[in-house]
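Beneath this line is the structure, given in structure tokens, with notes to follow.
Naming: A, B, ... by sequence-line order, numbering from 1 per chain.
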2 protein chains.
Amino acid sequence: MKIGEFARQLGVSTDTLRYYEKHGLLTPSSRSEVGYRFYSDADYKQMSFILRAKNVGFSLSEIKELLQIKFHKNQHSCHEVKAMTLQKRDLVAARIAELTRFYDSLSLLADKCCGGEEPAENCSILTTLEDIDGLTQ
Amino acid sequence: MKIGEFARQLGVSTDTLRYYEKHGLLTPSSRSEVGYRFYSDADYKQMSFILRAKNVGFSLSEIKELLQIKFHKNQHSCHEVKAMTLQKRDLVAARIAELTRFYDSLSLLADKCCGGEEPAENCSILTTLEDIDGLTQ
DNA sequence: ATAAACCTTGGAGTACACCCTAAGGTCAAG
DNA sequence: CTTGACCTTAGGGTGTACTCCAAGGTTTAT
Ligand SMILES: [Zn+2]
Ligand SMILES: [Zn+2]
Ligand SMILES: [Zn+2]
Ligand SMILES: [Zn+2]
């Protein structure tokens with residue numbers, strides 16, 4: 001399958017596929033005589049793996065690591081894979097915590113503001129940000 | 001106050017202050033004869049505003065908007081300010097929802113894996129990512 | 001024969017929020 | 001008068017995951 005059809009079937013752009021190839025995530029299994037990329041069923045499976053891993057939150061470099069493990073399964077342990085997964089989960093959790101603080105602060109701010117059409121002279125959002133904060137910690 | 005002392009008091013780098021100046025967030029109120037930046041009390045207050053806004057999750061360009069409103073309070077309404085705040089909050093909420101999906105998927109994956117020291121031949125994290133997913137919708 | 005649709009490469013651009021460097025000028029202390 | 005700490009500018013680099021472009025070669029249909 002040439003790159004265009006392959007991209008269409010997977011719902012990604014051809015640029016993305018060339019990008020992934022350049023970054024060692026998916027090298028098409030063959031090329032035509034004039035250099036056209038040809039993708040096989042195995043390539044389809046690998047790309048699906050990549051997309052699923054992306055869907056659960058792994059970054060491309062993490063996915064590359066996972067692929068290395070997948071290619072040399074006997075040289076890596078379950079422990080290693082689970083550790084990566086848990087570490088990623090913890091990172092995600094930390095980011096969620098930070099964003100939740102943002103969310104709470106923004107809610108507090110919004111609640112204080114009347115939201116009317118009058119000039120923002122005494123807008124409590126602005127004054128709260130100006131004054132000593134009743135926001136942080 | 002010169003830039004170094006000002007930066008120290010606010011817990012930011014001098015590079016950050018020059019960056020903010022270049023991007024229209026905070027222009028020091030004066031310069032010495034040879035061009036040294038001098039920051040005033042008003043500058044301190046504005047920088048505090050910026051840092052507080054950052055702390056609740058606003059991006060620098062959003063903060064720039066907020067500053068524009070703050071400078072011309074009578075030309076803007078409470079409604080406008082509240083709308084910005086709510087819109088930002090919704091964006092944050094959407095991002096939290098996405099990360100929560102990641103978190104849940106990663107937890108599911110991790111739970112299935114034994115985490116032992118044996119080779120990853122049959123690691124359920126890898127097989128789950130390989131096979132038709134029990135993850136996504 | 002020619003146009004449309006495909007493919008190739010290399011390289012530049014995007015957003016965000018800085019950080020770092022070089023090359024040089026300024027200022028206070030000893 | 002020199003040392004060290006400070007300041008200036010312009011410009012490049014970081015990471016992430018692409019996206020877009022130019023300039024050209026190939027394939028397929030009419
Ligand atoms: Zn109001
Ligand atoms: Zn208001
Ligand atoms: Zn296991
Ligand atoms: Zn496992």
What does the list of N/O pairs under 3.5 Å between the protein and nucleotides 28-30 of chain D look like, with a distance for each?
none

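B/Y39 and B/F6 have parallel rings, their planes meeting at less than 30° on a 0 to 90° scale where 60° marks the start of perpendicular.
A heavy-atom distance below 4.5 Å is found between the side chains of A/I50 and A/L67.
Annotation: cation-pi geometry satisfied between A/K70 and A/F49 (NZ/CZ under 6.0 angstrom from ring centroid, within 45° of ring axis).
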Problem - B/T127/B/N122 under side-chain contact (heavy atoms from CB on, under 4.5 Å): CA gap, chis, key distance, verdict - result: CA-CA 7 Å; B/T127 56; B/N122 302 309; 5.7 Å; no
Handout entry: Stepwise side-chain contact (heavy atoms from CB on, under 4.5 Å) test for A/C78 and B/E118
Key = CA-CA 6 Å; A/C78 257; B/E118 85 254 9; 3.9 Å; yes
Handout entry: Stepwise side-chain contact (heavy atoms from CB on, under 4.5 Å) check, A/F58 with A/T85
Key = CA-CA 9 Å; A/F58 285 112; A/T85 306; 4.1 Å; yes
Exercise for the section: May I have the step-by-step check of side-chain contact (heavy atoms from CB on, under 4.5 Å) for A/R95 and B/F102, ending in yes or no? Expected result: CA-CA 11 Å; A/R95 182 74 178 132; B/F102 288 170; over 6 Å; no
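Per the geometry, CD belonging to B/E21 stands 11 Å off P belonging to D/dA10, to the nearest Å. Nucleotide D/dA17 holds its C1' atom 16 Å from the CG atom of A/L26, rounded to whole Å. Taking atom CG of A/N55 as the reference point, atom P of D/dA17 lies 14 Å away to the nearest angstrom. For the pair B/R8 CZ and D/dC7 P, the interatomic distance rounds to 7 Å; values are reported in whole Å. Note: CD (B/E5) to C1' (C/dC27) measures 16 Å, nearest angstrom. Distance CD (A/E33) to C1' (D/dT27): 14 Å, rounded to an integer number of Å. One can place CG of A/L17 at 13 Å from C1' of D/dA17, the figure rounded to the nearest angstrom. Separating the CG atom of B/L25 from the P atom of C/dA17 is a distance of 9 Å, rounded to the nearest angstrom.
Distance from the side chain of B/I3 is smallest to D/dC7 among D/dC7, C/dT8, C/dC6. The listed nucleotides are D/dC7, D/dC18, D/dT26; the one nearest the side chain of A/V34 is D/dT26. Side-chain atoms of A/D15 lie closest to D/dT19 of the nucleotides C/dC20, D/dT8, D/dT19. Nearest to the side-chain atoms of B/K54 among the listed nucleotides C/dG25, C/dC6, C/dC18 stands C/dC18. Checking D/dT19, C/dT8, D/dT27 against the side-chain heavy atoms of A/R18 singles out C/dT8 as nearest.
The line from NE2 of B/H23 to CG of B/L60 is 8.5 Å long, rounded to the nearest 0.5 Å.
Residue B/S13 has a polar side-chain atom (N or O) positioned under 4.0 Å from OP1 or OP2 of C/dC19.
Only B/S59, B/L60, listed by number, bring a heavy atom of residues 59-70 of chain B to less than 4.0 angstrom from any atom of DNA chain C.
When each of B/K54, B/R89, B/K88 is checked for a salt bridge (Lys or Arg N to Asp or Glu O under 4.0 Å) with B/E62, only B/K88 meets the rule.
Comparing A/H23 and A/S32 by the nucleotide of DNA chain D that holds the closest heavy atom to each, the one mapping nearer the 5' end is A/H23. Looking at which nucleotide of DNA chain C each of A/Y36 and A/K22 is closest to, the 5′-most match is held by A/Y36.
Using a 4.0 Å heavy-atom criterion, one finds that B/Y20 contacts the sugar-phosphate atoms exclusively. Here A/R37 lies in heavy-atom contact (under 4.0 Å) with sugar-phosphate atoms only.
B/S40 places no side-chain N or O within 3.5 Å of a backbone atom of B/S29 that could act as its donor or acceptor partner.
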